[in-house]
Amino acid sequence: MTAAIPSRAVDLAEKVRSGELTALAVAEATLARIDADNERLNAFLTVSRDELLAQARALDAKRARGETLGPLAGVPIALKDALCTRGIRTTCASKMLASYVPPYDATVVAKLKAADALLPGKTNMDEFAMGSSNENSAFGPARNPHDPERTPGGSSGGSAVAVASGMTPAALGSDTGGSIRQPAALTGIVGVKPTYGRVSRYGLVAFASSLDQIGPFATDVRSAARVLSVIAGEDGRDMTSLRVPNDDYEAACGQSVRGMRIGVPEEYFAQGLDPEVEASVRAAIARLEADGATIKKVHLAHTKHAVATYYVVATAEASSNLARFDGVRYGLRVSGNVARDSKHAQGGALRAMYGATRDAGFGAEVKRRILLGTFVLSAGYYDAYYLKAQKVRTLIRRDFEAAFADVDAIVCPTSPTPAFRLGEKTSDPLSMYLSDVYTLPASLAGLPAMSVPCAPTKAGLPVGLQIIAPALKETTMFRLASAWETARQG
Ligand code: GLN
């Protein structure tokens, strides 16, 4: 049969570029892998079989013509189902969009295609990216390959599972408050949230627009850097994308940590942190120090307000963004019962349709957030909640600015616990929200942050080390991540 498919995207691209592996062989092996494992793990919501095989054939033909292949040649990349794909349904794991087929590709999807990646399909997630466990999917949760009774994290759980289980060497997710980093930590892979504005959000179904950012998952740091270098860059279609040069993230990999100043925020080693997670992260920090980094305490005093702040800002933005799902413009339409809604003499049928559509189309968590977000924005409460949250957000950002006056990067846990059991937190939204306590601050501050694996627990559950860098200093973040990866594996 065919040669083994390398698990690292960078190695795989090399083999396809050199012709040692055909893209078709990679595509067929990927489909076989998905067929074998997807029923159990529920990572993919849509497998675009025919499109994948056609892409692979076109790529092999391109190579046969003597053309040079792109930096992700033949690398299968799974796409979170919040990214619009032309001609392929994009559900956001919601009944509202269960049969929505976008007429265009998100900018990141177009860029992956231009880099000769293969796109096998769309992955499971929490509905509209709201959640930390994938249990808010209208299509059932994705499952953690390390223990299928446990969550892979969320909201980009399916993308993390695709990579962690070996279905694809890389994937894209979106991270609003931790949705790339937390599932990467819980499944034992690398997950990167770039600086806000580094990657175009055009074609990402919006959740909270001042926080949403697209980023890669991969089995290793260098491959994540490669994928980021392909998807990053200014885009005229997203006015929040930044006009800055795309740094060489891969060149930052493979350097030593010697001389780096690393901050450790004491506030992140607080109540609620699992002792095994703490031990694993502290051991990683000790190793970085032994390898020549300087470790310094830093203070991020407003961290304790991050969860409250995030759940005001994010729900406010979500309530506005999700107003577009009204049964007219996108997806589901359910005609309501006009008689029951008779108080609306004028436009009764229309109002009944809006109500019935949104009631049937959205799940419980999405409704909870629309209600909360509408409340914090309403006249009389706006100053007390939304405006106050914006001010606290500024204080959180300033904490980081002060810390980065002394250190090059900050390290801390990604998630307070290893993967928890499915069902464990579904009846208590607050305990679910607390699983984002360490990822939310960097999101509110717009900073680049990533999760890399550190030593697993005794039971073999993965643990993630979070690295946070100053805005646009992804190269610093990758340098540290790669040095740690080498130390851990060496
Ligand atoms: N878990 C967080 C939430 O539920 C973050 C989600 C995300 O980053 N999309 O909002």
Side-chain angles (χ1 to χ4, degrees), residues 79-83 92-94 123-137 141-142 151-160 171-187 191-194 196 199 201 204-217 306-319 321-322 362-373 376 389 393 414-417 419-420 424-426 428-451 464 466 468:
L79 302 172
K80 184 178 188 176
D81 210 17
L83 295 166
C92 256
S94 179
T123 59
N124 207 349
M125 55 184 283
D126 286 294
E127 184 179 8
F128 286 105
M130 298 175 187
S132 312
S133 69
N134 231 275
E135 291 165 296
N136 297 330
S137 168
T151 176
S155 65
S156 315
S159 284
L172 292 189
S174 64
D175 189 313
T176 305
S179 278
I180 294 173
R181 291 162 284 160
Q182 185 254 21
L186 270 43
T187 59
V192 179
K193 182 199 92 75
Y196 180 77
V199 176
R201 294 180 294 112
L204 169 69
V205 179
F207 163 13
S209 305
S210 76
L211 296 155
D212 296 343
Q213 193 51 197
I214 299 167
F217 290 97
V307 175
T309 305
Y310 172 84
Y311 279 95
V312 172
V313 173
T315 58
E317 293 182 17
S319 71
N321 273 326
L322 270 60
F362 292 138
E365 181 63 26
V366 174
K367 285 177 185 160
R368 180 181 296 124
R369 296 197 188 195
I370 291 172
L371 289 171
L372 184 57
V376 300
R393 185 176 185 177
T414 306
S415 160
T417 65
F420 46 93
E424 196 176 313
K425 297 185 199 264
T426 38
D428 181 0
L430 196 58
S431 81
M432 189 72 89
Y433 296 172
L434 284 170
S435 61
D436 303 315
V437 64
Y438 298 135
T439 49
L440 298 174
S443 296
L444 289 164
L447 303 175
M450 69 191 282
S451 184
Q466 184 176 208
I468 306 172

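Read the numbers this way: they start at 1 and go in the same order the structure lists the ligands and their atoms.
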Please test Lys425 against Ser431 for side-chain hydrogen bond (donor to acceptor under 3.5 Å, both in side chains), starting from the C-alpha separation and ending with a verdict. CA-CA 6 Å; Lys425 297 185 199 264; Ser431 81; 4.7 Å; no
Option passing side-chain contact (heavy atoms from CB on, under 4.5 Å) with Asp212 (candidates Asp175, Leu204, Val199): Leu204
Considering only heavy atoms, which protein residues lie less than 4.0 Å from any atom of ligand 1? Ala129, Met130, Gly131, Ser132, Ser155, Asp175, Thr176, Gly177, Gly178, Ser179, Phe207, Tyr310, Tyr311, Arg369, Asp436
Pair Glu317, Ser210 - check side-chain hydrogen bond (donor to acceptor under 3.5 Å, both in side chains), show working. CA-CA 8 Å; Glu317 293 182 17; Ser210 76; 2.6 Å; yes
Asp81 vs Thr123, test: side-chain hydrogen bond (donor to acceptor under 3.5 Å, both in side chains). Steps then yes/no. CA-CA 5 Å; Asp81 210 17; Thr123 59; over 6 Å; no
Ignoring hydrogens, what is the shortest heavy-atom contact between Pro183 and Gly154? Give both atom names and the distance. CD-O, 3.4 Å
Do the ring planes of Tyr433 and Tyr311 sit parallel (below 30°), tilted (30 to 60°) or perpendicular (above 60°)? parallel
